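Both ligands and their constituent atoms are indexed starting at 1 by order of listing. As the structure is a prediction and not an experimental result, all values here were calculated from the model.
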Amino acid sequence: MSRKPIIAGNWKMNKTLLEAQEFVDAVKDNIPSSELVDTVIGAPALFLAPMAYSSRGTDLKLSAQNSFWENSGAFTGENSPAAIADLGVQYIIIGHSERREYFHETDEDINKKAKAIIANGLTPILCCGETLETFEAGKTAEWVEGQITAGLKDLTPEQVSNLVIAYEPIWAIGTGKSATSEIADETCGVVRATVEKLYGSEVADKVRIQYGGSVKPENVDEYMSKENIDGALVGGASLEAESFLALLNFVK
Ligand SMILES: O=C[C@H](O)COP(=O)(O)O
């Protein structure tokens, strides 16, 4: 089964609108065809509308970094998946470790978000990953299996086939200390085995799994050569156009 690679930048809370627009202008006509790779930028919600406008008709796809699970209502400060979908955005990152840690998101919240995002025709990028303490205790597999099982609760096989899961060990995020490609592949394999246990091998063969954590142009090829890794979720190295474009050089 050949799965289309997906490289997604996660800008986190960085850039101004002008910087975001300059980035789009620099990359939009220089990325590989979306027949070969899905190229995505996860931008702050404020920038998604203008970025969608300026990247229209190109191979650059957009992602939000979060959304709420209701489509409308009295939820001050939140963004609905329906409103995000309406902008022409295709993905929403959910369950990033920063949201779990600083905004106390639970697996149950993340599962509700996944369902709402799918109901609005968008693709969730569902993040999972363990702390250094869990890694050192040898409990990564158990931890990640628990997060994935809870995050996917009550989704159908078809819905799971189409989603993206990102494995990001927390100890490798923004630290410059990436997991070795063997560790990353092994845990992405655990994610795939969990999907297989829950939904069968056909779904497990289709679901795309990214590695994230200090991915850079210098190490992306190594990760992309691994059996269970179908892409990368990239923070720091996605912020500059030159470095983001270099991440895509593995596509020959
Ligand atoms: O979502 C992206 C990750 O948190 C990775 O960030 P990083 O590439 O800066 O380590």
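- At a 3.5 angstrom cut-off on N or O pairs, Ser214 counts as close to ligand 1.
- The shell of residues lying under 4.0 angstrom from ligand 1, judged by heavy atoms, excludes Ala8.
- Side-chain N/O atoms of Ser54 and Gln21 include a donor and acceptor closer than 3.5 Å.
- Evaluation of the side-chain hydrogen bond (donor to acceptor under 3.5 Å, both in side chains) test over residues 67-78, restricted to residues two or more places apart or in two chains, returns Asn71-Asn120.
- Taking the charged nitrogens against the carboxylate oxygens, Lys226 and Glu182 do have a contact shorter than 4.0 Å, which makes a salt bridge.
- Looking at Ile173 against ligand 1, both its backbone and its side chain come within 4.0 Å, counting heavy atoms.
- Heavy-atom contacts of Ala172 reach the following atoms of ligand 1: 10 (O) (cutoff under 4.0 Å).
- Here Ser97 contributes atom OG and Ile170 contributes atom CD1; the two are 4.5 Å apart, rounded to the nearest 0.5 Å.
- To the nearest 0.5 Å, atoms CG (Leu155) and CG (Leu163) are separated by 6.5 Å.
- Heavy-atom contacts of Gly174 reach the following atoms of ligand 1: 7 (P), 9 (O), 10 (O) (cutoff under 4.0 Å).
- In terms of hydrophobic clustering, with Ile, Leu, Val, Met, Phe, Trp and Tyr side chains grouped at heavy-atom distances under 4.5 Å, Leu247 and Leu60 are assigned to a common cluster.
- Polar contact with ligand 1: absent for Leu233 (N/O pair, distance under 3.5 Å).
- Which parts of ligand 1 touch Gly236 is read off a 4.0 Å heavy-atom cut-off, strictly below it: atoms 7 (P), 8 (O), 9 (O).
- Between Glu98 and ligand 1, a contact under 3.5 Å exists for no N or O pair.
- Each of the following atoms of ligand 1 lies closer than 4.0 Å to a heavy atom of Glu168: 1 (O), 2 (C), 3 (C), 4 (O), 5 (C).
- For Gly213, the heavy-atom gap to ligand 1 drops under 4.0 angstrom.
- Here is the list of ligand 1 atoms found below 4.0 Å of a heavy atom in Gly235: 2 (C), 5 (C), 6 (O), 7 (P), 8 (O), 9 (O).
- Legend: salt bridge (Lys or Arg N to Asp or Glu O under 4.0 Å) pairs involving residues 118-146, not counting sequence neighbours, sorted by first then second residue: Glu145-Lys197.
- The side-chain heavy atoms of Asp38 and Gln90, taken from C-beta on, include no pair separated by under 4.5 Å.
- The shell of residues lying under 4.0 angstrom from ligand 1, judged by heavy atoms, includes Lys12.
- Note on ring orientation: taking the six-membered ring where Trp is involved, the planes of Phe23 and Phe244 are tilted (angle from 30° to 60°).
- No part of Ala237 comes within 4.0 Å of ligand 1, judged by heavy-atom distances.
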